[in-house]
Protein chains: 2
Amino acid sequence: MNNRTPAARGERSRGRRLAGDSRGDILGAARALFASRGYRGTTTRAVAERAGVDVALIHHFFGTKMRLFAESLELARIAGRLSEQLAAPSGDVAEGVARLYLETLFTEHRDTFAGLLRTVLGSPDDVPELRRIMGEQIVGVASRSLGGPDAALRAELVAAQMIGILVLRHLVGVEPIATTSNEALVRYLVPALRTYLEHGEEA
Amino acid sequence: MNNRTPAARGERSRGRRLAGDSRGDILGAARALFASRGYRGTTTRAVAERAGVDVALIHHFFGTKMRLFAESLELARIAGRLSEQLAAPSGDVAEGVARLYLETLFTEHRDTFAGLLRTVLGSPDDVPELRRIMGEQIVGVASRSLGGPDAALRAELVAAQMIGILVLRHLVGVEPIATTSNEALVRYLVPALRTYLEHGEEA
DNA sequence: GCGGTTATTCATCAACTGATGAAATAGTGC
DNA sequence: GCACTATTTCATCAGTTGATGAATAACCGC
C-alpha cells in the first residue's frame with residue numbers, strides 16, 4: 001500500500017508539486033501582509049503560511065526578506081501607470097489630481113502604498129532608500145504637472161493632503177471619512193487643491 | 001584596597017545609586033526611540049542603553065513594554081493643552097487651526113505624535129485601542145471647532161492635510177517641505193483650509 | 001527511462017526579544 | 001547603628017525570527 005508516490009497519496013511531502021504558482025502565491029501573500037502590518041510586522045513565516053508553502057521556499061525564490069519586499073512593491077508598474085495618466089491633458093487639473101490619487105493610487109495600488117508607508121514610518125533604519133523612492137514616486141506625481149513659484153512645495157502640500165487621506169481613510173480607518181464616497185471627497189477636495197495648484201498663476 | 005564600596009571605586013555595580021532620575025531618563029529615552037522607530041522597532045534594550053540603565057529596571061518601573069509606551073505618550077498633558085488653545089476665541093479660524101498643529105502639536109509634542117503614528121501604522125494589531133485614541137485626540141481637535149453640514153468629514157479633511165504634512169515634513173523628511181518655515185506654510189495653508197472650514201456657511 | 005535541473009520540505013542555527021527572580025547596594029526611619 | 005524599603009544589576013529563560021544546507025520529489029531534454 002506504499003508503492004504510490006507521496007503526492008498521489010495526498011500527503012504533504014517534499015519535492016516538486018504539480019502546476020502551482022508558488023512564486024506568485026508568495027508575492028501575493030507578501031503584498032497583503034506588508035500592506036496591513038508593515039515590513040517589521042510581517043514575518044516570513046506568516047507569508048509562507050498564507051501562501052501555503054514552507055518558509056524555506058521564500059528564501060529559495062527571493063533570497064532575503066528585503067528583496068521579497070522590494071519585489072512585492074511593483075513600483076515599475078505603478079510608475080508606468082502614472083506617467084500614462086499624467087500625459088493625457090485633462091480639463092480641471094485639481095479634479096484630475098484628486099481622482100488620480102483616489103481612483104488609481106488608493107484603490108488599484110493601495111497595498112503597495114500602504115506597505116510603503118507602513119514600512120517607511122515603521123522601520124526607517126532598515127530601508128534608507130525607500131525615502132527617496134517615496135519622494136520621487138509619490139510626491140513627484142503631482143510635481144510634474146505643476147509650474148509657477150514654489151512648485152515643489154505646492155506639489156508636496158497636495159501630496160500631503162492626499163497622503164493624510166490615505167492614512168485616515170484606509171490605514172487607520174477613522175469614520176466618517178473611511179466610508180465616504182470618492183465623489184463626495186472630490187467635491188470637497190477640488191476647491192482646496194485648487195488653492196495650491198493655481199497659486200502660481202496670480203502674479 | 002578593596003575595602004571601599006563599589007560605588008566609591010567608580011565601578012558599575014548593583015544597588016541604589018545616588019540622586020539620579022532613572023525613571024525619568026527611561027521615559028525620555030523611550031519617547032525619543034518610539035518617535036523615531038515606532039513601537040515594534042524599539043527594543044527595551046535600546047531604551048535601557050540610551051537611558052544608561054539595565055533592562056530589568058524598565059520592567060521594575062513599568063512592568064511591560066506596552067505600559068512604558070502608554071506612559072511615554074503623556075496624552076493627558078496634550079489634551080489639556082489643546083482644549084486650552086481651542087477655548088480662546090481666535091480671529092481667523094483657519095489660521096488658528098494651522099498654527100495649532102504646526103506650532104504646538106508638531107513641535108512641542110512631535111515625539112508623541114510621531115510615536116503614535118509610527119506605532120498605529122507599523123503594528124496595528126498590537127495596539128487596537130490606539131486607533132480610537134487617535135481618532136478622538138488628533139481628529140477631534142479640529143472637529144470641535146466646527147459646525148455646518150458634514151462637519152466631521154470636513155474636520156477630518158483638515159486633519160488629513162495636517163497629518164500628511166507631519167508625515168512628509170517630519171517623519172519622512174522630504175524636501176523642500178521639511179525645511180520650509182511655518183510662516184510660509186501657513187500662507188499656503190490658510191486658503192486651502194478655509195475651503196473646508198467655511199463650506200458649511202454658504203447655504 | 002535516464003540525468004540533470006528545479007521546486008519543495010525538514011531540521012536546525014544563531015541572534016534577538018520581552019520578561020523574571022534573585023542578589024546586592026544605598027538611602028530612610030527610628 | 002539597625003531594620004526596612006526602594007533602586008539597581010546579573011544571570012537566565014522561553015519564544016520568535018531570518019536564514020541555511022541537506023534531503024526528496026517532480027518535471028524536462030534526450
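Letters A, B, ... are given to chains in the order of the sequence lines, protein chains preceding strands, and every chain is numbered from 1.
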Exercise. So do the side chains of A:V97 and A:L189 get within less than 4.5 Å of each other, counting heavy atoms only?
Worked result: no
Seminar exercise, completed: Taken to the nearest whole Å, CD/B:E49 to P/C:dT17 is 11 Å
Seminar exercise, completed: The nucleotide from C:dG18, D:dG18, C:dT9 with an atom nearest the side chain of A:L57 is C:dT9
Problem set entry | A:R45 side-chain proximity, nearest of D:dG18, D:dT7, D:dG21 | D:dG18
Problem set entry | Distance in angstrom units between A:I58 CD1 and C:dT6 C1', rounded | 18 Å
Exercise. Out of D:dT17, C:dG21, D:dT20, which has the shortest distance to the side chain of B:A56?
Worked result: C:dG21
Problem set entry | Whole angstrom value for the distance that separates C1' of D:dA6 from NE2 of B:H60 | 6 Å
Exercise. Which one, C:dT8, C:dT17, D:dA19, comes nearest to the side chain of B:T43?
Worked result: C:dT17
Problem set entry | Basic-acidic side-chain contact under 4.0 Å: A:E95, A:R187 | no
Hey, can you pull the donor-acceptor pairs under 3.5 Å for the side chains in residues 27-35 of chain A, sequence neighbours left out?
unit_1: A:R31; atom_1: NH1; unit_2: A:S72; atom_2: O; d: 3.0

Problem set entry | Rounded distance (nearest 0.5 Å) linking atom CZ of A:R45 with atom CG of A:D54 | 9.0 Å
For this session: State which residues pass ring pair (Phe, Tyr, Trp, His ring centres under 6.0 Å) with B:F106; sequence neighbours excluded, sorted by chain then number.
Result: B:Y101
For this session: Using whole Å, report how far CG of A:D54 lies from P of D:dA19.
Result: 14 Å
Exercise. In whole Å, what is the span from the CZ atom of A:F69 to the P atom of D:dG18?
Worked result: 14 Å
Problem set entry | Exceeds 12 heavy-atom contacts within 6.0 angstrom, atom CD of B:E103 | yes
Exercise. Under a 4.0 Å heavy-atom cut-off, which of residues 22-29 of chain B touch DNA chain D?
Worked result: B:S22
Problem set entry | Exam field: side chain B:R40 to backbone A:G41, donor-acceptor pair closer than 3.5 Å | no
Problem set entry | Length of the line joining A:H59:NE2 and C:dA11:P, which is rounded to integer Å | 18 Å
Problem set entry | DNA chain D: 5'-proximal contact among B:F61 and A:G63 (nearest heavy atom) | B:F61
For this session: Rounded off to whole Å, could you give me the CZ-to-C1' distance for the B:R40 and C:dC16 pair?
Result: 14 Å
Problem set entry | Integer-rounded Å distance: D:dG18 P and A:F62 CZ | 15 Å
